[in-house]
Amino acid sequence: ESTAIIKTDKNTVGEALLELNLIAGDQGEYGLYMTCVNNITLDWEKDAMYWALYVNGEYGLTGIELTEIENGAEYTLKAEK
């Protein structure tokens with residue numbers, strides 16, 4: 001587990017984290033599919049695990065590239081099975 005406070009002028013969570021090289025992944029028909037967070041790689045095909053985005057404790061309803069940054073919101077990336 002790690003926590004970071006990030007200050008950015010980007011509009012989406014995905015843009016901010018990509019700029020800082022905190023996430024990586026593959027572009028798909030639904031946007032960026034995160035495969036790596038903070039240098040930890042998950043492989044659905046091998047481990048049946050993926051990275052999930054939570055906003056203020058709730059499962060994210062949009063992809064990370066479409067999730068707009070809201071002042072004071074808490075964004076969490078969790079390994080899910």
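Nearest heavy atoms, Ile69 versus Val13: CG1-N, 3.6 Å. Of all heavy-atom pairs between Ala79 and Met49, the closest is CB-CE, 3.9 Å. Here the closest non-hydrogen pair linking Leu32 and Gly25 is CD1-C, 3.6 Å.
Residue pairs satisfying the ring-ring contact (aromatic ring centres under 6.0 Å, His included) criterion with at least one member in residues 6-58, sequence neighbours excluded, are listed as follows: Tyr54-Tyr59. Listed by first and then second residue, the ring-ring contact (aromatic ring centres under 6.0 Å, His included) pairs that reach into residues 61-81 come to none, sequence neighbours excluded. Within the structure, salt bridge (charged side-chain N to carboxylate O under 4.0 Å, His left out) contacts touching residues 15-32 (residues at least two apart or in different chains) are Lys10-Glu19. Note on residues 2-27: no pairs pass ring-ring contact (aromatic ring centres under 6.0 Å, His included), not counting sequence neighbours.
With Ile23 as the fixed residue, the side chain to side chain contact (heavy atoms under 4.5 Å, CB included) test singles out one of Leu77, Leu53, Asn38: Leu77.
The side-chain contact (heavy atoms from CB on, under 4.5 Å) test applied to Thr62 returns Leu66, Thr67, not counting sequence neighbours. Every residue two or more places apart in sequence or in another chain that forms a side-chain contact (heavy atoms from CB on, under 4.5 Å) with Glu74 is listed here: Asn56, Thr76.
Note that the CD1 atom of Ile64 and the CG atom of Leu18 stand 7.5 Å from one another [nearest 0.5 Å]. Rounding to the nearest 0.5 Å places OG of Ser2 at 7.5 Å from CD1 of Ile40. Here Glu80 contributes atom CD and Leu42 contributes atom CG; the two are 10.0 Å apart, rounded to the nearest 0.5 Å.
Put simply, the side chain of Leu17 reaches to within 4.5 Å of the side chain of Ile6, judged on heavy atoms.
By the 6.0 Å contact criterion, CD on Gln27 is enclosed, its count of non-hydrogen atoms from other residues, nucleotides or ligands being greater than 12.
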